[in-house]
Amino acid sequence: MQNPTNDAVAAKIAALEGGVGAMLTSSGQAANFYAVFNICEAGDHLVCSSTIYGGTFNLFSVTLKKLGIDCTFIDADAPDEEIEKAFRPNTKCLFGEIISNPSINVLDIEKFARIAHKHGVPLIVDNTFATPINCRPFEWGADIVTHSTTKYMDGHATCVGGAIVDSGNFDWMAHADKFPGLTTPDESYHGLTYAKAFGKMAYITKATAQLMRDLGSIQSPENAFLLNLGLETLHLRMQRHCENAQQVAEWLEAQPKVKWVNYCGLKSSKYYELAQKYLPNGSCGVIAFGLEGTREDAIRFMDHLQLACIVTHVADARTCVLHPASHTHRQLTDEQLKEAGVAPDLIRLSVGIENVNDIIADLQQAMGTI
Ligand SMILES: *Cc1c(COP(=O)(O)O)cnc(C)c1O
């Protein structure tokens, strides 16, 4: 449950987010699973934005269901009343991604926090794409933040990892009936009641002392050491990712062979206003766009890229590209794809920190082949 390297890196991530404590996990999947499982058990329910990472969508819709935990997916852009209809007496949390992977929608965190708190449950925000350099969800009312550190935080595809950060702000005792795991004694942990014994550290202490102890998924200290190297340059890389992505998005938007571009730094984006509010210094390096023409044209374009690699990975220092409908989201039906905000022609371009002229030149020559 403790290792000096992991503890130092967790403390650094907690400080970056402005939280009271953090726990490192072996993957982002483990982080999101533990974040929910720490307060949900069989018979419970959660509400979640439908535009989230495919792996998390599957975890919540299929695997949690097998554990007796139900999830209702909602349109994050819907008005309060619409979203509130999904809440039940046994709902234990609301979940969303600050910038959704791969559709690049921006979450209205204040709206989500308002709805969650009105129903006496915490808001959990996956902050993987923005990182605390560009957004600190706790400042907008989120209670718990999760990360796939595999992405920008590591930045170099050296290791898979995750983190959960606790703001310490959610008052578990005020909703004691909803969260017995935190507000009644844990016989397997010295008969302590987490919310009484650990105060603001209750949630993160339970996650470590109970879930990590029993289920594992710890981050290897060697990986935490490598993650720390990434964290030391995160502020420089994020700035460059955002500068490059803004230029690439503007260039793409001006191309006749490009059908649509979604990047929240573009004035044409549906999420421009929300991005100005929550991500004033930039969002991330990831752009979603679609090409004119057939599916074969999109494949030809991707095959001709020389600098950008076709990889499932995203949010890396090197530019990479993916067609989710045939990769990360291939387990979803067409209906679920649409629900997850993934158009069949969506190309996810993860703009790296190379010279932006080289990135654009590569896109230009590949586009010339279609
Ligand atoms: C990749 C990703 C995850 C899952 O993280 P892994 O480290 O790959 O397990 C969760 N959330 C988001 C937003 C992601 O991009």
Side-chain angles (χ1 to χ4, degrees), residues 9 13 17 22-37 46 48-64 71 73 76 95-107 109 112 124-135 137 142 144-165 215-220 223-224 226-227 230-231 234 238 241 264 278-279 283-288 311-317 320-322 324 327-332 340-342 346 348-351:
V9 177
I13 293 174
E17 288 286 4
M23 175 176 111
L24 301 185
T25 57
S26 57
S27 66
Q29 285 300 112
N32 281 331
F33 172 50
Y34 284 0
V36 170
F37 199 57
L46 71 148
C48 180
S49 162
S50 59
T51 46
I52 54 165
Y53 170 66
T56 312
F57 188 93
N58 206 64
L59 166 67
F60 290 175
S61 61
V62 179
T63 301
L64 283 188
C71 182
F73 293 96
F95 186 101
E97 287 175 5
I98 167 68
I99 305 172
S100 65
N101 176 8
S103 49
I104 322 298
N105 299 359
V106 178
L107 185 74
I109 312 175
F112 260 49
I124 304 176
V125 171
D126 182 330
N127 196 27
T128 297
F129 270 22
T131 83
I133 303 302
N134 286 337
C135 182
I144 309 294
V145 156
T146 61
H147 282 282
S148 165
T149 61
T150 318
K151 315 292 168 53
Y152 287 122
M153 280 193 170
D154 174 290
H156 308 78
T158 58
C159 45
V160 176
I164 305 174
V165 192
L215 298 169
S217 299
I218 64 161
Q219 184 162 120
S220 116
N223 285 3
L226 293 168
L227 168 57
L231 289 173
L234 184 64
M238 288 314 289
H241 279 295
C264 55
Y278 296 116
L279 307 155
S283 53
C284 65
V286 187
I287 299 169
V311 294
T312 308
H313 189 50
V314 64
D316 188 74
C320 48
V321 69
L322 169 83
H327 292 92
T328 45
H329 286 61
R330 69 171 177 268
Q331 74 277 20
L332 302 189
V342 183
L346 183 150
R348 185 185 69 188
L349 178 65
S350 176
V351 178

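All ligand and atom numbering here is 1-based and tracks the order in the structure.
- Below 4.0 Å from some heavy atom of Thr150 lie the following atoms of ligand 1, by number and element: 6 (P), 7 (O).
- Looking at Thr56, Asp126, Thr128 and measuring to atom 11 (N) of ligand 1, the nearest heavy atom belongs to Asp126.
- Under the 4.5 Å side-chain criterion, counting only non-hydrogen atoms from C-beta, Phe60 is in contact with Ile52.
- Looking only at heavy atoms of the protein, atom 8 (O) of ligand 1 is closest to Ser148 OG, 4.0 Å.
- In this structure a side-chain-to-backbone donor-acceptor pair under 3.5 Å is present from Asn127 to Cys135.
- Looking at Thr128 and Glu97, their side chains never come closer than 4.5 Å, going by heavy atoms from C-beta outward.
- Here the protein heavy atom with the shortest distance to atom 14 (C) of ligand 1 is Lys151 NZ, 2.9 Å.
- If you number the atoms of ligand 1 from 1 as listed, the ones under 4.0 Å from a heavy atom of Glu97 come out as 13 (C).
- Between Phe73 and Phe57, the ring centre distance stays below 6.0 Å.
- Of the protein's non-hydrogen atoms, the one nearest atom 9 (O) of ligand 1 is Gln29 N, 2.9 Å.
- In terms of polar-atom proximity, Phe129 is not counted as a contact of ligand 1, lacking any N or O under 3.5 Å from an N or O of the ligand.
- Residue contacts with ligand 1 include Gly161, since one or more of its heavy atoms lies under 4.0 Å from the ligand.
- In this structure, Arg348 and Pro102 approach most closely via the heavy-atom pair CD-CB, 3.7 Å.
- The shortest side-chain heavy-atom distance between Phe95 and Asn32 falls under the 4.5 Å cut-off.
- With a 4.0 Å heavy-atom cut-off, ligand 1 is reached by the side chain of Asn32 but not by its N, CA, C or O.
- Using a 4.5 Å heavy-atom cutoff, the side chains of Leu227 and Asn223 are not in contact.
- For ligand 1 and Ser27, the ligand atoms under 4.0 Å from any heavy atom of the residue are 7 (O), 9 (O).
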